[in-house]
Number of protein chains: 2
Amino acid sequence: MNTKYKYVSDAIEMDIEGGKYAKAGKLPTEDELIELYQVSRNTVRKAVDILVNRGIIMPIQGSGMFLRKIPAGGCINLENFHGLTATFADKITTRVIDFKLTQADEKLADVMQCAVGTSLYFVERLRSIDGVPFVVEYSHFNKDVIPYLNMEIIETSIYRYIMQDLKKQIGYVDRVIEAGRLNAHDAELLELAKGDPALISINRAMLKSGVVFDYSIDIHNYKETKFLKRSNFV
Amino acid sequence: MNTKYKYVSDAIEMDIEGGKYAKAGKLPTEDELIELYQVSRNTVRKAVDILVNRGIIMPIQGSGMFLRKIPAGGCINLENFHGLTATFADKITTRVIDFKLTQADEKLADVMQCAVGTSLYFVERLRSIDGVPFVVEYSHFNKDVIPYLNMEIIETSIYRYIMQDLKKQIGYVDRVIEAGRLNAHDAELLELAKGDPALISINRAMLKSGVVFDYSIDIHNYKETKFLKRSNFV
DNA sequence: TCGCATTTGTACGTATGTATC
DNA sequence: GGATACATACGTACAAATGCG
């Protein structure tokens with residue numbers, strides 16, 4: 001089910017990343033994009049809206065649609081979907097610490113909106129970027145949604161597997177971000193000291209149908225991680 | 001310049017907050033909202049889109065537009081604009097630590113996209129919620145945009161002053177979130193210990209015209225602060 | 001300073017597709 | 001399979017901000 005606006009949005013984004021509009025610092029006008037992609041104005045505007053919401057461009061009435069400058073130092077853009085693989089792509093290495101089948105206890109059943117006893121995959125992974133330990137991820141996946149997982153999948157990207165192979169559409173992600181202290185276990189994995197600060201992200205991911213399929217706790221290396229959040233107001 | 005979609009969006013949001021749809025757990029259908037507000041379908045959809053992007057509702061095709069549950073424990077929603085006053089409203093007290101007129105040095109001129117030597121207001125504030133120290137904010141405001149500030153304004157909400165009194169429209173906010181350690185000064189203000197973890201947010205705010213008017217560094221009490229980020233995918 | 005062209009923003013209408021119930 | 005409800009996509013017209021002459 002491919003849509004025109006998604007196609008246009010992706011095409012524009014790739015052109016931005018390819019540096020096509022870097023010199024001008026702005027996109028072509030709406031009329032030019034209409035001509036270029038042979039779609040209606042609404043479709044161009046819907047495509048552009050996606051990029052606006054992701055903080056990539058900044059339209060200014062009467063003037064144009066300007067590229068937003070990228071802040072220094074590999075931030076994880078919270079609008080990008082599963083930040084890590086989107087931001088660092090091929091630089092990531094993953095070490096699987098634990099991988100097993102479990103059952104939802106009461107607390108997990110509550111946050112994952114499933115029955116107590118539902119089969120869950122539990123995965124603990126250490127992910128490094130250019131060899132530097134970056135984040136310890138404790139993940140729970142609902143086996144009703146993701147019937148099968150293996151080492152190869154969890155060593156690369158589970159999200160890609162869900163979308164490309166299982167053909168399921170990810171709809172919504174809730175993320176709570178806070179700071180805390182490292183326990184001994186996480187500190188060792190991240191090559192930091194027990195009691196050091198930690199940047200913690202607790203995530204709940206849902207399909208378009210609203211079904212929760214992932215609940216995970218990410219303990220980030222505070223020296224290496226920055227989150228970027230860009231907002232637009234109406 | 002009041003728009004219909006903003007009116008409808010605000011109206012729906014107030015109804016949600018007032019608990020009008022809590023029992024059903026979902027909004028009226030698009031057709032019902034069209035009838036209710038006497039606007040076109042596109043306008044209803046645009047109004048609803050705002051709430052979707054803010055993570056307040058979750059439309060599911062063929063089914064309805066469902067309310068998204070609010071996570072426990074007073075998170076600051078990163079989609080809400082200037083989180084603090086939006087989230088905690090009347091519980092906030094502000095203590096002004098420092099307030100002076102300065103000039104942009106090279107670093108500030110760079111991030112604020114103004115000339116070196118531009119007049120800036122510098123404000124240091126400690127904000128508490130229900131008497132608990134919550135965040136130390138170090139803010140720089142471009143005096144070309146905000147020609148006048150006084151104690152009363154900085155003790156309440158500068159953003160409200162900009163919008164309601166100066167009638168300027170806030171367009172974009174960039175926010176970088178990281179964790180670090182408290183220095184002695186901030187620790188004392190937050191009633192924590194030097195070296196304790198800190199949740200740090202560094203913000204740049206722009207008007208709709210793209211002019212940067214605020215650059216601020218917020219040092220949050222890590223025991224009290226949680227950020228909430230909700231995303232939708234296409 | 002004024003006016004005009006450019007460019008994005010708002011609002012309406014219509015038709016058809018697609019997922020859910 | 002039919003009804004319901006959200007999603008995509010086309011079109012039109014006018015408003016509002018910017019920028020240039």
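Values in this document were obtained by computation on a predicted structure and should not be read as measured data. Naming: A, B, ... by sequence-line order, numbering from 1 per chain.
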What contact category does A/K208 fall into here, base, sugar-phosphate, or nothing, at under 4.0 angstrom with non-hydrogen atoms? nothing

May I ask you to verify if any side-chain N or O of B/S40 is less than 4.0 angstrom from the OP1 or OP2 atom of C/dC12? yes

Rounded to whole angstroms, how far apart are CE on B/M65 and P on C/dT20? 16 Å

Gap between atoms CG and P, on A/L27 and C/dT8 respectively (whole Å): 9 Å

Think A/T43 has a side-chain N or O under 4.0 angstrom from the OP1 or OP2 of D/dA9? no

Which nucleotide wins on minimum distance to the side chain of A/V39, given the candidates D/dA15, D/dC10, D/dC6? D/dC10

Whether A/R45 and A/D49 form a salt bridge (side-chain N of Lys/Arg under 4.0 Å from carboxylate O of Asp/Glu) is what I want to check. no

Between atom CG in A/L33 and atom P in C/dG9, what is the gap in whole Å? 13 Å

Of the nucleotides C/dA11, C/dT18, C/dT8, which one has an atom closest to the side chain of A/E30? C/dT8

Can you check whether A/K6 has a side-chain N or O nearer than 4.0 Å to OP1 or OP2 of D/dT8? no

Closer than 4.0 Å, any side-chain N/O of B/R41 to the OP1 or OP2 of C/dG13? no

Comparing nearest nucleotides in DNA chain D, the 5'-proximal residue of the pair B/D31, A/K4 is B/D31

Between atom CD1 in A/I34 and atom P in D/dA9, what is the gap in whole Å? 14 Å

For the side chain of A/P59, counting heavy atoms from C-beta on, which of D/dA7, C/dT20, C/dT8 is nearest? C/dT8

For C/dT6, does OP1 or OP2 lie under 4.0 Å from any side-chain N or O of A/T29? no

For the pair made of CG in B/L207 and P in D/dT18, what is the distance, rounded to whole Å? 10 Å

To the nearest Å, give me how far apart CG (B/N42) and C1' (C/dT14) are. 10 Å

Within the distance-only criterion (no hydrogens, no angle test), does the side chain of A/K168 pair as donor or acceptor with the backbone N or O of A/V145 below 3.5 angstrom? yes

If the cut-off is 4.0 Å, is A/S209 near the phosphate of C/dT20, judged by side-chain N/O to OP1 or OP2? no

Which one, C/dG17, C/dT20, D/dT8, comes nearest to the side chain of B/Q61? C/dG17

Send over the distance from A/E32 CD to C/dT7 C1', rounded to a whole Å. 10 Å

Over 60° means perpendicular and under 30° means parallel, so tell me whether A/F134 and A/H220 are parallel, tilted or perpendicular. perpendicular

More than 12 foreign heavy atoms under 6.0 Å from CD of B/Q38: is that the case here? yes

Do the charged groups of A/R125 and A/E155 touch, with an N to O distance under 4.0 Å? no

A/R45 CZ to C/dA11 P, in whole Å, measures 12 Å

